[in-house]
Participant: 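I have a structure here, written as C-alpha cells, and I will follow up with some questions on it.
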Amino acid sequence: MGRKILLDKVHIPGIKTFKVYRDNGGYASVEKALKKMTPAEIIEEVKKSGLRGRGGAGFPTGMKWSFLDTRSNNPRYLVCNADESEPGTFKDRYLIDYIPHLLIEGLIVSSFALGANTTFIYVRGEFKQQIGILNKAIREARDNGFLGSNILGTSFSLDIHVHSGAGAYICGEETALLESLEGKRGNPRLKPPFPAVKGLYDCPTVVNNVETLAAIVPIINFGGDEYAKIGIGRSTGTKLISACGHINKPGVYEIEMGLSVEEFLNSEEYCGGVRNGKKLKAIIPGGSSVPILPAHLVAVTAANTPRLMSYESLSDGGFATGSMLGSGGFIVFDEDACIVRNTWNFTRFYYHESCGQCSPCREGTGWLEKILYRIENGQGRERDIDVLDSVAKKIEGNTICPLGDAAAWPVNSAIRHFRNEFEFHIEHPDLIKNVQHGSIEKYMKVMA
Amino acid sequence: MSHGSIIDHKLYVREGREVRFPDETLKRVNLIIERYPKGKEKSAVLPILHIAQEELGGYLSVDVMDYVASLLNIQPVEVYEVATFYTQYYLEKVGKYVVEVCRTGPCAMCGGEDIADYLEKKLQIKTDETTPDGLFTVRRVDCLGACGYAPVMQINTEFYEFLTKEKIDLIIDDLRAKANEDKPKEAKWVEKFF
Ligand SMILES: Cc1cc2nc3c(=O)[nH]c(=O)nc-3n(C[C@H](O)[C@H](O)[C@H](O)COP(=O)(O)O)c2cc1C
Ligand code: SF4
Ligand code: FES
C-alpha cells in the first residue's frame with residue numbers, strides 16, 4: 001500500500017462539502033501559511049519538496065514560482081490549468097469531482113505565496129458539472145471567510161473565478177490557455193517572454209496544473225522535507241495515474257512514485273491486469289503524446305532494471321527504449337489491439353487540434369493523418385513508412401509550441417517498435433480492407 | 001477549429017431576429033463580466049457564448065454573435081473568430097439533444113466506434129446531421145477526459161459512461177419520451193454551470 005496524501009479522504013461521506021472537509025482537517029494549510037509563514041518561506045518549502053509539475057512537462061514547481069517577476073508593479077496572477085484534454089488523462093476531473101476543496105485550499109496557499117489577489121481556474125468547456133462543483137466550493141469557502149477580503153483576519157485578499165473553455169485541446173498549452181482566457185482564439189505565444197514575466201494581460205503569471213496545486217496542501221502541512229521523503233530520487237511525492245484501455249479496473253489511482261509498473265498494471269489494488277485474460281501488447285504511460293512502450297519494455301528497461309512509475313525510470317533509454325511519465329494517462333493495449341489504427345486515430349486528433357500557426361505542424365500533421373489513413377484502409381504504399389518517419393522528424397522541434405512534438409512522437413515510436421504491423425498492413429491490403437474498426441484478431445493469426 | 005472551417009460552415013446565418021437575454025440572465029451575465037479586470041471585458045466572451053448558445057436558440061447565428069459583441073463592447077469579428085475556433089460552439093442549427101460520442105484512441109479501442117455507428121443507425125442519420133423531428137444531432141468529438149469509463153458520450157451537460165447498445169437504446173428512448181416536458185433553459189442554468 002502506497003501512501004496517499006491527495007485522495008486519502010475521498011471515501012469520507014460528504015467530503016465535497018466545506019463543513020465535512022473542514023471537520024476532517026481541511027484548510028489547515030491556509031491557516032498555517034497565512035498566519036505563520038511568509039510567501040518566501042512557502043516557496044522555499046515547495047522547492048525543498050522537489051514537487052514537479054503534474055500537467056505533463058514535470059518542471060520543478062518551486063523554481064517556476066521563483067521566476068515570477070516580483071519587481072513589476074502590475075498585478076500578478078495564478079492560473080490553474082484544468083483543461084485536461086490529453087487523451088488518456090482524467091485525473092483532474094476526478095480530483096474536482098471527489099475532493100474539490102483540496103484544490104481551492106491549494107489555490108489559496110499558492111496565491112498567497114505568489115502575491116496574487118485574483119486567480120482563475122480554466123476548466124475545459126465540456127466539464128460543465130465540474131464547473132458547477134467548483135463554483136459551489138468557492139462560494140462555501142467565501143462564506144466561511146477563506147476567500148474575499150482579509151482572509152482569516154490577515155491583510156491577504158483573494159478572489160477565485162472559474163473560466164470555461166469551449167473545446168480545444170491546444171488551450172491546455174499554457175500560453176494558448178492565457179490567450180483563451182483573454183477571450184481570443186487559442187493560439188500559443190512565442191516564448192520568451194515567458195508567462196512569469198508577461199502572462200495574463202501582460203502581467204506576471206504562473207500557470208499550474210490542478211494536481212500540482214492540490215499537492216501544495218500536504219507540502220505545507222508536513223513540510224517540504226517530509227514530502228520529499230515520499231517517492232524515489234527526483235520523483236518526489238505521489239502521482240495520480242488515470243488508467244484506461246484494456247484493463248480490468250480502469251480508474252484513477254494515487255501511487256507513491258517508484259511503484260513498479262508491473263505491480264501497477266497487474267495487482268488487484270490498481271489496474272488488475274489485462275482484461276479478458278489477454279496478453280499485453282503495449283502501454284502508453286503518460287497520455288497520448290508520449291512514446292508507446294512495447295510489452296517487453298514495460299516491466300523492465302532495456303538495461304534490464306525494473307521499470308518504475310517515476311519520471312526517470314519511465315524515460316530510461318530515451319526515446320529509443322523509453323517513454324515519459326507525462327500527465328500520468330496510462331493507456332493499456334492488449335494483444336488484439338491494432339497499433340496502426342491507434343496511431344492513425346491519435347494523428348487525426350493532433351491534426352484536428354493543431355491551431356494552424358506553424359506550417360510544420362499544420363501541414364505535417366495533415367500528411368501524417370492522410371498517409372496513416374490510407375495504410376489503415378488497405379491502400380498503403382511500400383515507401384509510406386519511411387515518409388511517415390521523415391515527416392514526423394521534420395515536425396519535431398520546429399514549431400512554436402510542443403503540440404508538434406506531441407504529434408510526432410507517437411508516430412516515430414509506433415514505427416520504431418511495431419514496424420512489422422505497418423508492413424503487414426501494406427502487404428495485405430485485401431485482408432485489411434475487410435477489418436472493421438481495427439479489430440485485428442483475424443489478421444494477427446495470419447501474421448503469426 | 002479545423003482549417004478552412006469558416007468556409008465549410010454556413011457561418012453567416014443572419015436571421016434578422018431580435019435577440020436579447022431575459023433580464024434575469026442579463027444580471028448573471030453582468031456578474032460574469034465583472035470577474036475580469038476593468039478594460040478586459042473581452043475575457044468573458046467564451047462563457048457568454050456558451051450561455052447565448054444555450055438560451056438564444058441552441059446555436060450561434062450571426063445575430064446572436066453580434067448581440068454578444070455589443071454586450072462586451074467589442075467588434076463582431078472578435079466574436080466570430082472565437083466562435084469558429086472552438087468545437088463546442090455550433091454555427092448551424094442543432095437538435096434539442098446534441099449527442100457527442102468520443103472517438104479518440106482510448107474510447108475507440110473500447111468500442112466507441114461501434115457505439116457511434118449504432119447511434120447513426122438507430123437515429124437514421126449520419127454524424128453531424130439532425131433528426132427530422134429536431135430532437136437529436138450526432139457528433140463525434142475528441143477525448144472528453146473520461147477515458148477510464150470508455151466508451152463515453154455527452155448529451156448536453158450530462159455524461160454517459162461504459163456505453164453498450166442496450167444502454168444507448170434506454171437513453172435515447174427515455175429522452176424521446178420526455179422531450180416535451182423538458183423545459184427550455186432558464187437563468188438558473190447559468191447559476192448552476194457558470
Ligand atoms: C498541447 C499541449 C496540451 C497541454 N494540455 C495540458 C492540460 O490539459 N492540462 C495541463 O495541466 N497541462 C497541459 N499542458 C502543459 C501546460 O502547457 C503547462 O506546462 C502546465 O499547465 C504547467 O503546469 P505544471 O507545471 O503544474 O504541470 C499542455 C501542453 C501542451 C503543449
Ligand atoms: S505547434 Fe501546432 S499547435 Fe503549436 S503553435 Fe504551432 S501550429 Fe499551433
Ligand atoms: S478517449 Fe474518450 S474520453 Fe478520453
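What you see is a predicted model, and the numbers here were worked out from it, not measured in a lab. Labels below follow one simple rule: chain letters A, B, ... track the order of the sequence lines, proteins then strands, and each chain is numbered from 1.
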Participant: Compute the centroid of each ring, for A:His161 and then for B:Tyr36, and state whether the two points are separated by less than 6.0 Å.
Facilitator: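 No; B:Tyr36 has its ring centre 6.0 Å or more from that of A:His161.
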Participant: Around A:Tyr201, counting heavy atoms of other residues, nucleotides and ligands shown, do more than 12 lie under 6.0 Å from its OH?
Facilitator: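 Count over threshold, so yes.
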Participant: Can you check whether B:Thr104's main-chain N or O pairs, donor with acceptor, with A:Asn345's side chain at less than 3.5 Å?
Facilitator: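 It does not hold such a pair.
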Participant: What's the verdict on side chain to side chain contact (heavy atoms under 4.5 Å, CB included) for B:Glu78 and A:Lys184, showing C-alpha distance, side-chain angles and the deciding distance?
Facilitator: CA-CA 8 Å; B:Glu78 295 177 80; A:Lys184 304 180 205 152; over 6 Å; no
Participant: Is the number of heavy atoms from other residues, nucleotides or ligands under 6.0 Å of A:Tyr373 OH greater than 12?
Facilitator: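 For A:Tyr373, atom OH is not crowded (no more than 12 foreign heavy atoms under 6.0 Å).
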Participant: Around atom CD of B:Gln75, are there more than 12 heavy atoms from other residues, nucleotides or ligands closer than 6.0 Å?
Facilitator: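 Not buried by this count: 12 neighbours or fewer within 6.0 Å.
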Participant: Are any side-chain N or O atoms of B:Thr87 and backbone N or O atoms of A:Gly167, one a donor and one an acceptor, separated by less than 3.5 Å?
Facilitator: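 Yes.
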Participant: Kindly check if the number of other-residue, nucleotide or ligand heavy atoms within 6.0 Å of CH2 (B:Trp189) is above 12?
Facilitator: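 Result for CH2/B:Trp189: enclosed.
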Participant: Find the one option among B:Asn156, B:Asp117, B:Leu72, B:Leu49 whose heavy-atom pairs under 4.5 Å with chain A are most numerous.
Facilitator: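 Among B:Asn156, B:Asp117, B:Leu72, B:Leu49, the one with the most close pairs to chain A is B:Asp117.
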Participant: Should the pair A:Arg93 and B:Phe159 be classed as cation-pi, given the thresholds of under 6.0 Å to the six-membered ring centre and 45° from the axis?
Facilitator: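 Yes - A:Arg93 lies over the ring of B:Phe159, closer than 6.0 Å to its centre and within 45° of its axis.
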Participant: For A:Pro87, which of B:Cys107, B:Cys143, B:Cys102 qualifies under side-chain contact (heavy atoms from CB on, under 4.5 Å)?
Facilitator: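 Answer after filtering B:Cys107, B:Cys143, B:Cys102: B:Cys143.
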Participant: For residues B:Arg35 and A:Thr118, is any side-chain donor paired with an opposing acceptor at under 3.5 Å?
Facilitator: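 Distance-only check fails for B:Arg35 and A:Thr118.
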Participant: Distance-only, no hydrogens or angles: does the A:His246 side chain make a donor-acceptor pair with backbone N or O of B:Cys110 under 3.5 Å?
Facilitator: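 Side chain of A:His246 to backbone of B:Cys110, a donor-acceptor pair under 3.5 Å: no, none is there.
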Participant: Counting N and O atoms only, with roles assigned by atom type, does the side chain of A:Glu182 sit under 3.5 Å from a partner on the main chain of B:Lys42, one being a donor and the other an acceptor?
Facilitator: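 No: the side chain of A:Glu182 does not pair with the backbone of B:Lys42.
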Participant: What's the verdict on salt bridge (charged side-chain N to carboxylate O under 4.0 Å, His left out) for A:Arg341 and B:Glu113, showing C-alpha distance, side-chain angles and the deciding distance?
Facilitator: CA-CA 12 Å; A:Arg341 186 165 187 85; B:Glu113 292 173 290; 2.5 Å; yes
Participant: Side chain to side chain contact (heavy atoms under 4.5 Å, CB included) between B:Phe193 and A:Gln129: does it pass, once the steps are laid out?
Facilitator: CA-CA 7 Å; B:Phe193 294 117; A:Gln129 305 283 348; 4.1 Å; yes
Participant: Please rank B:Gln154, B:Glu191, B:Lys192 by heavy-atom pairs under 4.5 Å with chain A and give me the top one.
Facilitator: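 Between B:Gln154, B:Glu191, B:Lys192, the count favours B:Gln154.
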